[in-house]
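Just so we're on the same page: letters track the sequence lines, and every chain starts at 1.
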Amino acid sequence: MSISVKILFFAKAKELSGLKESQITLPETVSYKQLLQDVVNKYNLKPIEKNIIIALNQEFSEADKIFKLEESDIIAVIPPLSGG
Amino acid sequence: MCDGDAKICTLEEEIAELRRLLRDKEECLRALKIEKTLRNKFSGDLDRDEVVRYSRQLLIPEVGVDGQVALKKGKVLIIGIGGLGCPASLYLASAGVGELTLVDNDVVEISNLHRQVLHDESTVGIPKVLSACEKLKKINPNIKLIPKQLHANSETVKLLLEENQFDVVIDGSDNVATRYLLNDACVLNGVPLVSGSALQFEGQLTVYNYKGGPCYRCLFPTPPPPETVTSCGDGGVLGPVPGMIGVLQALETIKILTKSEGVVAGRLMTFDGADLTFRNIKLRPRSATCAVCGDNPTVKELIDYEQFCGSRADDKVHNISILGADEQIKPDKLDERLLIVDVRPELEYRMCHLPNSVNIPYSKIQSGKALDAIAESLNRNGQEVYVLCRRGNDSQRAIAALKPHLPGVKLINIKGGLHSYSKLVDDHFPVY
């Protein structure tokens, strides 16, 4: 079963994807690695794939995690900013 | 700088002399006032001026006299006195933090003033740390301000942290290498790092290395590829955004110094000024496998961060040279009959451009969409073209990308770009 959830983009991820937010269809049960791969491929984030925080419902995702997604879930892709 | 006009020159000198005189007299007055108010018999730990000056924050139960005394004893290191460091140090000085060490290697430029609120027109050309200290001293003469005009690198930061017991370090830097450097230095010395950053409409804030929370490397073990990093000098930044983040860095520092709850450690606050949203992302705890704060750290002393990140520890653009000498020309040697292709983004072209130039952005050239436009311009203008950009780097890249597709066309890079044009040909052209 797959599910469509909201995804938000910050900083460089917003620039590379050209989007502030979008909907992404993912398997209902998905590993962090699969989720990262899908997000990176779909939204053109290859150049920063090692430099992003993936947050699910405003919580940092550990790399070994497996998610059970629900429709109300929100994924956020957050690269660090370095300017000041 | 004098414009060649003797009257302007004389007036500028006179004003500079008067400013020096004013500074001396203000210094003298401050010293006398401090001496006068130093001793008082009415309050214990704070003197008369302190009770009055800080009354509005003293009245908060969470601060009180103990909190104010803690602030007074506090020693804070602020790296970068720019868009973040200015508001941060402004509020910390005003709040009565006892000792502020300000580090920045740059001098004030006019393009800083829209966001770096401690500097003003009269301090353009002066080291930022001196400009800032002068302003802060006027607001609060009762604290110790230590300006250090130096470049933050492994040696200087190591020395600073060895020689001083800082309670907090504030990261107000503008580049990735310095961010890793300050992170490691704070972990190795056990100091919390109040980290802020900003670009365009967005800001981020968190406190690293505090009460079991993660450090920068726990979250970002690998530095980003340099070409994916945008600086404020290239991407732009709206003044209130670093202003907002810098003010919050001061707030978090005050909370740490006064041992308050609710410090933004183990959380990342993201701010988007475009739709005014604040988000708090709950972070992971310290990583056991972190290279610097993990259980078996591999980074046990400061390393070469420019090498580690593959980028320089500043936000300046460094010149590249990928073309032969016969493919380049200095801007004062241009043949006015030839076509000039300006490869800057359209937005920058609209800010200012040479009257006889056409705009074909490098991004279009990269995507292969510009060949027709160039070919069309060439048909009208012969087979020799100048290529121009802001500083002379993208124009070289554009030539390298175009060359294979345009045999028989001579593409000539204008060395040093519009910055150099302004310097060598006409200084009315704005340098931004």
Using non-hydrogen atoms only, which part of [X] is less than 4.5 Å away from chain B: side chain, backbone, both, or neither?
| X | value |
| --- | --- |
| A:I78 | both |
| A:E62 | side chain |
| A:L8 | side chain |

Quick check on [X] against chain A: is it the side chain, the backbone, both or neither that has a heavy atom closer than 4.5 Å?
| X | answer |
| --- | --- |
| B:P224 | both |
| B:F201 | neither |
| B:R267 | neither |

| said: Does B:K282, at its NZ atom, have more than 12 non-hydrogen atoms belonging to other residues, nucleotides or ligands within less than 6.0 Å? | reply: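 No.
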| message | Donor-acceptor check, side chain of B:S197 to backbone of A:L81, threshold 3.5 angstrom: yes or no? | response |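 Checked: pair present.
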| request: Say whether, by atom type as modelled, one donor and one acceptor occur between the side chain of B:R284 and the main chain of A:S61 under 3.5 angstrom. | output: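 Such a contact is absent between B:R284 side chain and A:S61 backbone.
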| query | Shortest non-hydrogen contact from A:F10 to B:T270? | reply |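 Scanning both residues completely, I find the closest heavy atoms to be CE2-OG1, 3.8 Å.
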| said: For the CD1 atom of A:I54 and the CD1 atom of B:I281, what is their distance to the nearest 0.5 Å? | reply: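 That separation rounds to 11.0 Å.
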Non-hydrogen side-chain atoms of [X] and [Y] separated by less than 4.5 Å:
| X | Y | value |
| --- | --- | --- |
| B:Y216 | A:P80 | yes |
| B:R279 | A:Q58 | yes |
| A:K20 | B:D275 | yes |

| Largest heavy-atom contact set with chain A, pairs under 4.5 Å, which of B:G172, B:P223, B:P242 |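 Ranked by heavy-atom pairs under 4.5 Å with chain A, first place is B:P223.
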| Relative to chain A, which of B:V241, B:T222, B:D315, B:L199 shows the most heavy atom pairs under 4.5 Å? |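 Going by pairs under 4.5 Å, I would pick B:T222.
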| said: side-chain contact (heavy atoms from CB on, under 4.5 Å), that's the test. Do A:S82 and B:V229 meet it? Break it down for me. | reply: CA-CA 8 Å; A:S82 53; B:V229 178; 3.4 Å; yes
| request: Kindly determine whether B:F220 and A:I53 satisfy side-chain contact (heavy atoms from CB on, under 4.5 Å), including the steps that lead there. | output: CA-CA 8 Å; B:F220 305 108; A:I53 290 175; 3.6 Å; yes
